[in-house]
Amino acid sequence: MIIENKNFDLKQIAESGQCFRMNPISQNKYYLIAFDRYLELEQLEEDVVEISCSEEDYNKIWKNYFHLDFDYGSIVDKLVSGTDNFLKEAAKYGKGIRILRQDPFEMLISFIISQNKNIPAIKSCIEKICEVYGNKTEDKTTGKVYYTFPTPNKLAEAKKEDLRALKLGYRDEYIIEASRAVYLGKIDLEALKACSHEEAVKTLKSIKGIGDKVANCISLFGLHHIEAFPIDVWMKRVLSEYYDNKFDTALYQGYAGIVQQYMFYYIRHVHGVNN
DNA sequence: ATCCAGGGAGCCT
DNA sequence: AGGCTCCATGGA
């Protein structure tokens, strides 16, 4: 079905570093694996996207997933007409980005894997985990075969040596411990959606292998706390090169995570990163 | 070949 | 609170 929505750009979303299983098929066309489902999307024109799903699934799942009921335009307008020159350019450049509502457990594991890796390496590790611990599935609409993201149970039972064989490095025990915490109910990810961002970060950081940055990414991309503000090497670069390390997130109270995504996406572009 | 990546734990001031 | 060092590995 065809979706018309402003500030909805597949390329920008796929390259924004928040999702690791959305990749190009051809020019303007992407596939996405999320919630055990496979989806194809094509950017027909600016603000017009064709999605390979029924209207029912769109309303039930994907509208929510892409945060399409939220007005990004007013935030972009505010930044573009504001006094912060870096944000002015950043918002202009990434105005089609949306913060996805992704599966919390998938984000938990994905961002544990992400530490000290570049995005292509993260993607490759995640695909390997899915191939070994996920379910092989065939999409009825397109006939494409894909692997779902593993359940907490499956990863909780994984052996350290087996994960190490997938080249996850020292993150193997972090993954197993985090999966056990979720499987055993010590960490209730659904409950963390309902509580505050600060409380969620505090709880996530109690898991070994999760520090401030990863916790903020999980909070932003998995729990949809859009006030989260993850600071990675790219954001450190922005904050020191453009703000003398004095950026005030309080100016963007309640939606700092969206501002963060514009900054992250733009600074990588400025430095010529192409993945 | 060398550097670096959507970092964090452990240890030291 | 802030600064080291080490960690395992692949992409650029």
Exercise. Below 6.0 angstrom between ring centroids: does that apply to Y146(A) and Y31(A)?
Worked result: no
Problem set entry | Donor-acceptor pair between D84(A) and Y243(A) side chains, under 3.5 angstrom | yes
Exercise. Ignoring hydrogens and geometry, is there a side-chain-to-backbone donor-acceptor pair from D139(A) to K144(A) under 3.5 Å?
Worked result: no
For this session: Kindly state each residue pair satisfying salt bridge (charged side-chain N to carboxylate O under 4.0 Å, His left out) with at least one member in residues 110-127 of chain A, sequence neighbours excluded.
Result: R21(A)-E127(A)
Exercise. Would you write out the dot-bracket form of DNA chain C, 5' to 3', with Watson-Crick and G-U pairs under 3.5 Å, [ ] for crossing pairs, | for pairs to other strands and . for unpaired bases?
Worked result: |||||||.||||
For this session: Fit a plane to each ring of W62(A) and F66(A), take the angle between them on a 0 to 90° scale, and name the class: parallel (under 30°), tilted (30 to 60°) or perpendicular (over 60°).
Result: tilted
Just distance, no hydrogens or angles: give the donor-acceptor pairs under 3.5 Å from side chains in residues 264-273 of chain A, sequence neighbours left out.
unit_1, atom_1, unit_2, atom_2, d
R268(A), NH2, N275(A), O, 2.6
R268(A), NH2, N275(A), OD1, 3.0
H269(A), ND1, Y93(A), OH, 3.0

Exercise. Of the residues in residues 91-112 of chain A, which ones touch DNA chain B at a heavy-atom distance under 4.0 Å?
Worked result: none
Problem set entry | Atom P, compared across dA12(C) and dG7(B): separation rounded to whole Å | 16 Å
For this session: Check side-chain hydrogen bond (donor to acceptor under 3.5 Å, both in side chains) between D162(A) and all other residues, then give those that pass, not counting sequence neighbours.
Result: none
Exercise. Does anything in residues 209-228 of chain A reach DNA chain B, meaning a heavy atom under 4.0 Å, and if so which residues?
Worked result: G209(A), I210(A), G211(A), D212(A), K213(A), V214(A), F221(A)
Problem set entry | Geometric class of the F111(A)/F221(A) ring pair [parallel <30°, tilted 30-60°, perpendicular >60°] | parallel
Seminar exercise, completed: So the contacted stretch of DNA chain B, first to last nucleotide with an atom under 4.0 Å from a non-hydrogen atom of chain A, runs from dA5(B) to dG10(B)
For this session: Compute whether any side-chain donor of one residue and acceptor of the other, for S54(A) and E56(A), lie under 3.5 angstrom apart.
Result: no
Exercise. How is Q261(A) classified with respect to the nucleic acid when contacts are heavy atoms under 4.0 Å: base, sugar-phosphate, or nothing?
Worked result: base
Problem set entry | Earlier contact from the 5' end, DNA chain C, for N275(A) and R171(A) | R171(A)
Seminar exercise, completed: Note: chain A reaches DNA chain C at heavy-atom distances under 4.0 Å over the stretch, first to last nt, 5' to 3', of dC7(C) to dA12(C)
Exercise. In terms of heavy-atom contacts, does CD of E138(A) have more than 12 from other residues, nucleotides or ligands at under 6.0 Å?
Worked result: yes
Without placing hydrogens or testing angles, list every side-chain donor-acceptor pair under 3.5 Å for residues 148-158 of chain A, not counting sequence neighbours.
unit_1, atom_1, unit_2, atom_2, d
T148(A), OG1, N135(A), N, 2.8
T151(A), OG1, K154(A), N, 3.2

Exercise. Of the residues in residues 115-124 of chain A, which ones touch DNA chain B at a heavy-atom distance under 4.0 Å?
Worked result: Q115(A), N116(A), K117(A), N118(A), I119(A)
Exercise. Taking the six-membered ring for Trp, are F229(A) and Y252(A) ring centroids under 6.0 Å apart?
Worked result: no
Exercise. Of all of residues 251-259 of chain A, which get a heavy atom below 4.0 angstrom from DNA chain B, listed by number?
Worked result: none
Problem set entry | Integer angstrom distance from the P of dG6(B) to that of dC4(C) | 23 Å
Problem set entry | Those residues that, when tested against E198(A), pass salt bridge (charged side-chain N to carboxylate O under 4.0 Å, His left out) (two or more places apart) | none
